[in-house]
*Asks:* 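Here you go, one structure.
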Amino acid sequence: DGELSLSRSMINSSDKTIRKGGSAIFQHSVEGWKINSTLVLEIRKSILRFLDAERDVSVVKSSFKPGDVIHYVLDRRRTLNISQDLHSLLPEVSPMKNRRFKTCAVVGNSGILLDSGCGKEIDTHDFVIRCNLAPVVEFAADVGNKSDFITMNPSVVQRAFGGFRNESDREKFVHRLSMLNDSVLWIPAFMVKGGEKHVEWVNALILKNKLKVRTAYPSLRLIHAVRGYWLTNKVHIKRPSTGLLMYTLATRFCDEIHLYGFWPFPKDLHGKPVKYHYYDDLKYRYFSNASPHRMPLEFKTLYVLHNRGALKLTTGKCV
Ligand code: CTP
């Protein structure tokens, strides 16, 4: 049975408690957790019917010529020109081609990581995926250092690097990227209009400073395919969050997926406040209609998958 069996009632049942900010229902057992390899293979196969992460993780050079005009994935009326710089940073082949790992970590950005002591454990995984260029150095004990694959929404330029207004912002950014060595930097550049200037600046800095990062730009169909997969499994997510996208992609490459930093609730199980991000003061946004994400629903889904042995969620301390 390749279905996730996530019935609507199962998902809705704890909505109330979710709004209260976490509940005992999420106290998933970690001690008794065992990987269910049969289920892992079924999920991989069923996701492959919607997307092939090896291909959809990035467009490649031969997909476009400089000067091509494309439509934004989530805003079809608006268009983007493929610039010379962007084209020169497209990979020749998928950066994930033929890459397979025994264990992977997908690290979300929840404040639940603070004081977790999970850094060492995260770094033991064969492949570590992180989101939105989250800082690691100052938080290494809790989040680790290793970053083999890291996402960067264009908005990060504004949010964390002052919109590159000062030389020091640009230097900080270049320094952060240089620490990544030849890891994959995954930039969703074709989703919505608004970030194109930022993407161009990022591209120019990478080229000018001859940084080694391997840039990747998700295919135009990825987000629709991921949404299609989850919809088919009765998980009604209009716009999957970066974290869920990363889990979905990782099923192609990783036999065992461990999730850290997924906790979209303002309180922990003991009622203690939890920051939205472990590294900044951004506030919770997804209870309002302003946010396109449904992270609590996503979390519930991941929680069910944890209990079935398809993935391992860690929301407590690592020992
Ligand atoms: N996350 C979570 N709980 C939080 C914060 C984040 O579970 N309190 C997970 C989500 O899956 C999220 C990922 O960690 O997509 C990365 O976090 P973040 O950088 O905050 O992503 P967002 O910017 O909120 O979402 P997106 O980039 O998808 O717009």
*Asks:* Assess whether side-chain contact (heavy atoms from CB on, under 4.5 Å) is satisfied between R130 and I122, documenting all intermediate values.
*Replies:* CA-CA 11 Å; R130 297 184 191 268; I122 290 173; 3.9 Å; yes

*Asks:* Starting at CG of L133, measure out to CZ of F161 and round the result to the nearest 0.5 Å.
*Replies:* 5.0 Å

*Asks:* If only atom types and distance count, is the side chain of H198 paired as donor or acceptor with the main-chain N or O of G163 below 3.5 Å?
*Replies:*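 No: the side chain of H198 does not pair with the backbone of G163.
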
*Asks:* Are I82 and K65 close enough that some pair of their side-chain heavy atoms sits under 4.5 Å apart?
*Replies:* no

*Asks:* Counting heavy atoms not belonging to K45, are there more than 12 under 6.0 Å from its NZ?
*Replies:* no

*Asks:* Take atom NZ in K193; do more than 12 heavy atoms of anything else shown fall under 6.0 Å from it?
*Replies:*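 For K193, atom NZ is crowded (more than 12 foreign heavy atoms under 6.0 Å).
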
*Asks:* Do the side chains of L39 and I43 get nearer than 4.5 Å, heavy atoms only?
*Replies:*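 Yes, close enough: below the 4.5 Å cut-off.
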
*Asks:* Is the distance between the ring centroids of F262 and Y247 under 6.0 Å?
*Replies:* no

*Asks:* Is V40 close to D255 at the side-chain level, that is, under 4.5 Å between some pair of heavy atoms?
*Replies:* no

*Asks:* Scan side-chain atoms only and decide if T248 and W230 contain a donor-acceptor pair under the 3.5 Å cut-off.
*Replies:*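 Yes - a donor-acceptor pair under 3.5 Å links their side chains.
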
*Asks:* Taking C-beta and beyond as the side chain, do V274 and L114 meet within less than 4.5 Å on heavy atoms?
*Replies:* no

*Asks:* Using ring centroids (six-membered ring only for Trp), state whether F173 and F164 fall under 6.0 Å.
*Replies:*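 Aromatic pair counts; centres sit under 6.0 Å.
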
*Asks:* May I ask you to check whether H224 and R221 show a side-chain donor-acceptor distance below 3.5 Å?
*Replies:* no

*Asks:* Looking at the rings of Y279 and F139, which for Trp means the six-membered one, are their centres under 6.0 Å apart?
*Replies:* no

*Asks:* Hey, is CZ on R100 packed in by over 12 heavy atoms from elsewhere, all under 6.0 Å?
*Replies:* yes

